[in-house]
Asker: 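Supplied in structure tokens, the structure appears directly below.
Atom set for the values below is all heavy atoms of this structure, side chains included, hydrogens, waters and symmetry mates excluded.
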Amino acid sequence: MSVISVDHLTKDYGHGRGVFDVNIRIDTGTCYGFLGPNGAGKTTTIRHLMGFSRPQEGSTSILGKDSWENSAWLQNTVGYLPGGGDASGRSVRDRVFADDGADARSKESRISEYAVKSF
């Protein structure tokens, strides 16, 4: 079974921008790197997989569920942390545990504990 499926995904933003007829299959137990230059459509494809955007053509699915039709379920089930960061330059860890008065060791311990509980 494909855990992640992208079938003929097309989203045209005009002027040659977007994704065009993208096909991807990622099966259970597969490690997959999604790499490409800026503007190649990585973020657009991920946004479709997460159900944030509706394909103009084609479809995307995770665990056999159509991404657009099941967007609420996906967004509550699948973790997605967009890149880019924020203007402050703080790390994700710093944003998650910001200004709570805990010392660094306590924060690291809580991060480890959270990671174990999450998986």
Side-chain angles (χ1 to χ4, degrees):
M1 171 187 173
S2 292
V3 176
I4 297 174
S5 179
V6 178
D7 296 302
H8 302 286
L9 175 63
T10 296
K11 181 71 166 194
D12 187 352
Y13 293 110
H15 307 289
R17 294 184 320 233
V19 294
F20 304 93
D21 199 29
V22 173
N23 294 286
I24 301 170
R25 290 258 184 293
I26 303 172
D27 294 326
T28 302
T30 302
C31 182
Y32 184 84
F34 195 44
L35 308 173
N38 291 344
K42 300 176 302 293
T43 299
T44 298
T45 301
I46 297 295
R47 291 184 56 74
H48 280 82
L49 279 165
M50 290 300 300
F52 297 139
S53 187
R54 185 178 196 161
Q56 287 174 311
E57 294 180 28
S59 64
T60 60
S61 65
I62 296 179
L63 298 174
K65 296 178 184 263
D66 180 273
S67 299
W68 181 253
E69 294 174 4
N70 297 283
S71 61
W73 175 82
L74 280 171
Q75 293 164 22
N76 284 310
T77 305
V78 177
Y80 170 65
L81 181 64
D86 64 17
S88 73
R90 293 185 302 165
S91 71
V92 171
R93 177 182 60 211
D94 291 341
R95 287 192 299 265
V96 169
F97 297 106
D99 303 320
D100 65 357
D103 62 56
R105 184 178 302 162
S106 174
K107 288 181 182 182
E108 292 296 330
S109 175
R110 288 183 4 220
I111 290 168
S112 297
E113 180 181 320
Y114 177 77
V116 169
K117 286 180 182 177
S118 298
F119 299 100

Asker: Quick check: closest heavy atoms across Pro55 and Gly58, and the distance to 0.1 Å?
Answerer: CB-O, 3.7 Å
Asker: Run the side chain to side chain contact (heavy atoms under 4.5 Å, CB included) check on Val22 and His8 step by step: do they pass?
Answerer: CA-CA 5 Å; Val22 173; His8 302 286; over 6 Å; no
Asker: Side chains of Ser5 and Thr60: closer than 4.5 Å at any heavy-atom pair?
Answerer: no
Asker: Main chain of Glu69, side chain of Asp66: is a donor-acceptor contact present, judged purely on distance under 3.5 Å?
Answerer: yes
Asker: For Gly51 versus Ser71, what's the shortest heavy-atom pair and its separation?
Answerer: O-CB, 3.5 Å
Asker: Is there a path from Met50 to Ile26 through hydrophobic residues (I, L, V, M, F, W, Y) whose side chains come within less than 4.5 Å of each other?
Answerer: yes
Asker: I want to check something: taking the side chain as every heavy atom from C-beta on, are Leu9 and Asp21 in contact at a cut-off of under 4.5 Å?
Answerer: no
Asker: Not counting sequence neighbours, which residues clear side chain to side chain contact (heavy atoms under 4.5 Å, CB included) with Gln56? List them please.
Answerer: Lys11, Asp12
Asker: Under 4.5 Å between any side-chain heavy atoms of Thr44 and Phe52, yes or no?
Answerer: no
Asker: For Arg47 and Tyr80, run side chain to side chain contact (heavy atoms under 4.5 Å, CB included): C-alpha distance rounded to whole Å, both residues' side-chain angles, the deciding distance at 0.1 Å, then the answer.
Answerer: CA-CA 9 Å; Arg47 291 184 56 74; Tyr80 170 65; 4.2 Å; yes
Asker: Do Ile24 and Phe34 have side chains that get closer than 4.5 Å, going by heavy atoms?
Answerer: yes
Asker: If I take atom CH2 from residue Trp68 and atom OG from residue Ser61, how far apart are they, to the nearest 0.5 angstrom?
Answerer: 15.5 Å
Asker: Are the side chains of Leu49 and Ile4 in touch, meaning some heavy atoms are under 4.5 Å apart?
Answerer: yes
Asker: Side-chain heavy atoms under 4.5 angstrom apart, residues restricted to Ile, Leu, Val, Met, Phe, Trp, Tyr: same cluster for Val3 and Val78?
Answerer: yes
Asker: How close do Asp27 and Ser2 get, heavy atom to heavy atom, and via which atoms?
Answerer: OD1-OG, 3.2 Å
Asker: Does any non-hydrogen side-chain atom of Arg25 lie less than 4.5 Å from one of Asp7?
Answerer: yes
Asker: Hydrophobic clusters here meaning ILVMFWY residues chained together by side-chain heavy-atom distances under 4.5 Å, can you tell me if Tyr32 and Leu74 are in one?
Answerer: yes
